[in-house]
There are 2 protein chains.
Amino acid sequence: MTQSDFVELEKKLRDAELRPTKQRLALAQLLYSQGNRHITAERLHSEAMEAGVAISLATIYNNLHQFTTAGLLREVVVDSSRSYFDTNVAPHHHFFHEEQGTLEDIAKSDLTVANIPPLPEGTEISSVDVIVRVNSPRR
Amino acid sequence: MTQSDFVELEKKLRDAELRPTKQRLALAQLLYSQGNRHITAERLHSEAMEAGVAISLATIYNNLHQFTTAGLLREVVVDSSRSYFDTNVAPHHHFFHEEQGTLEDIAKSDLTVANIPPLPEGTEISSVDVIVRVNSPRR
DNA sequence: TTCTTCTTTAGAAGAATTCTAATCTATTGA
DNA sequence: TCAATAGATTAGAATTCTTCTAAAGAAGAA
Ligand SMILES: [Mn+2]
Ligand SMILES: [Mn+2]
Ligand SMILES: [Zn+2]
Ligand SMILES: [Zn+2]
C-alpha cells in the first residue's frame with residue numbers, strides 16, 4: 001500500500017465518521033484497492049489472515065455492518081445461507097454463478113427493467129434488484 | 001376439507017411420487033388450498049400446530065425441500081436470515097415489503113426485463129429474478 | 001399378511017451471525 | 001503532553017435457522 005493509498009483510505013473512513021483503526025484500514029484496503037468486489041464475511045476474514053492482519057470474525061461482522069450503514073458497502077441477497085457484501089454501492093444488477101457462488105456486476109444502464117406495476121398502496125420503492133442466475137451446463 | 005379437495009391433493013402428491021402421508025396432506029392443504037402463498041418454515045409449522053396437526057419442524061423442512069425438488073414449490077431468496085417458499089412455481093417476480101417481510105407476486109407478463117448483457121462465457125440462464133423492495137415511508 | 005421402502009421424529013449437531021463484557025485504542029482538549 | 005472519554009476490538013458464549021442421525025412408525029407391493 002502506497003502512502004497515498006493509505007491517506008485515501010483513511011479519508012474514506014474519516015468521512016464516514018469511522019475511526020481509522022488498524023483493522024479498519026486493513027479491511028478497507030482489501031475491499032477497495034482491487035476494483036469492485038463481492039465478498040462474504042468468512043472470505044474477507046481469510047484474506048485478512050492471509051495478509052497477516054489478525055482480525056477477529058466479530059470485528060469483520062461489526063465493520064461490514066458499519067460500512068454498510070455508512071454507505072461504503074451494500075449487501076446483496078442471493079443465497080439464503082450467507083451474506084454477500086458489495087463494494088459497488090451504485091444501483092446495478094448481478095449475474096450469480098450458482099455453482100461457484102460468485103457475483104458479477106451488470107451495469108444499471110445495460111439492463112432494462114420496465115413496466116413495474118403500480119406499487120402496493122402506501123409504499124415506495126427502496127430498490128429494484130435483478131439477479132440473473134447462471135450455471136455451466138454439463139454437456 | 002371436502003372429499004374432492006382431499007382427492008385432488010392426494011393426486012398432487014402421488015404425481016410427484018410422494019406418499020400421501022398424514023403430514024404431507026396437512027401441509028399440502030395449508031399450502032395449496034388458499035391461493036398462492038409465500039411462507040417460511042417456521043410460519044408453516046405454526047399454522048400446522050394451530051390447525052391441530054402435530055408435525056415436527058424436521059418434517060416441515062424435509063417436505064419443503066422435497067416439494068421444491070418435485071417442482072411443487074420454489075424457494076425465493078429475499079432475506080439472508082430466512083427462506084421463503086412460494087407455491088407459485090411459474091416464472092414471475094416479486095414485491096418484497098421490507099418492514100413486514102412479506103412477498104407479493106408480480107406476473108411475468110406485467111414486468112419487462114430486457115437487454116440482458118451477453119452471459120459469462122460457458123454459462124446459461126437458470127432464472128431471472130426481479131425483486132422490487134418496497135417500504136411504507138414514515139411521513 | 002409380510003416384506004421393503006419411505007417417512008417421521010426427537011434431539012444432537014452444524015453453520016452463520018450476533019451478543020456480552022472485558023480490554024484496548026483513538027481522539028480530544030486542558 | 002496526557003489524562004479522560006468515547007469508540008473499537010475481541011474471545012467466547014449465545015442465538016437462530018437449518019440439517020443430520022438413527023430409531024421407530026407408516027405406506028405400498030406382492
Ligand atoms: Mn443465517
Ligand atoms: Mn434451503
Ligand atoms: Zn455488484
Ligand atoms: Zn411468488
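Nothing here was measured: the structure is a model prediction, and the numbers come from that model. So you know, we letter chains A, B, ... as the sequences are listed, proteins then strands, and number each from 1.
Mapping Ala54(A) and Leu57(B) onto DNA chain D by nearest heavy atom places Ala54(A) closer to the 5' end of the strand.
In this structure, the side chain of His45(A) does not engage the main chain of Ala41(A) through any donor-acceptor pair within 3.5 Å.
Between Tyr61(B) and the phosphate of dT19(D), there is no side-chain N or O to OP1/OP2 separation shorter than 4.0 Å. Contact between the side-chain N/O atoms of Gln66(B) and the OP1/OP2 oxygens of dC6(C) is not found at any separation under 4.0 Å. Taking only side-chain nitrogens and oxygens, Gln23(B) comes nearer than 4.0 Å to OP1 or OP2 of dT9(C). Within the structure, every side-chain polar atom (N or O) of Ser56(B) is placed at least 4.0 Å from both OP1 and OP2 of dT8(C).
Between the P atom of dC6(C) and the CG atom of Asn63(B) lies a distance of 15 Å, rounded to the nearest Å. dT7(C) atom C1' lies 14 Å from atom CD1 of Ile60(B), rounded to whole Å. Between Arg24(B) atom CZ and dA26(D) atom P the separation is 15 Å, expressed in whole Å. Summarising the geometry, the separation between CZ on Arg82(A) and C1' on dC17(D) is reported as 16 Å, rounded to the nearest angstrom. In this entry the distance linking CG of Leu64(B) with C1' of dT8(C) reads 15 Å, nearest Å.
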Find every protein N or O atom lying less than 3.5 Å from an N or O atom of nucleotides 26-30 of chain C, and list the pairs.
| unit_1 | atom_1 | unit_2 | atom_2 | d |
| --- | --- | --- | --- | --- |
| dA26(C) | N3 | Arg19(A) | NH1 | 3.4 |
| dT27(C) | OP1 | Arg14(A) | NH1 | 2.8 |
| dT27(C) | OP1 | Arg14(A) | NH2 | 3.3 |

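As judged by a 4.0 angstrom heavy-atom cut-off over every strand, His65(A) is placed among residues touching the sugar-phosphate backbone only. Using a 4.0 Å heavy-atom distance criterion, Ser83(A) is classed as a sugar-phosphate-only contact.
Between Lys12(A) and Glu8(A), no side-chain nitrogen of the basic residue sits less than 4.0 Å from a carboxylate oxygen of the acidic one, so the salt-bridge criterion is not met.
The side chain of Asn62(B) lies closest to dT8(C) when the candidates are dT10(D), dA8(D), dT8(C). Set against dT7(C), dT10(D), dT8(C), the side chain of Ile55(A) has dT10(D) as its closest nucleotide.
If you check the side chains of His38(A) and Asn88(A), you find no donor sitting under 3.5 Å from an acceptor. A side-chain donor from one of Glu98(A) and Ser126(B) sits under 3.5 Å from a side-chain acceptor of the other.
In terms of heavy-atom proximity, Ile106(A) sits nearest to Pro117(B) at CG2-CG, 3.5 Å. Closest of all the heavy-atom pairs between Arg74(B) and Thr68(B) is CA-CG2, 4.3 Å. Here the shortest heavy-atom pairing between Ile131(A) and Val77(A) reads CD1-O, 3.4 Å.
Rounded to 10 degrees, the angle between the two end axes of the helix from dT1(C)-dA30(D) to dA30(C)-dT1(D) is 30°, with five pairs used at each end.
Ring-plane geometry between Phe67(B) and Tyr32(B) is classed as parallel, the angle between the planes falling under 30 degrees on a 0 to 90 degree scale with a further cut at 60.
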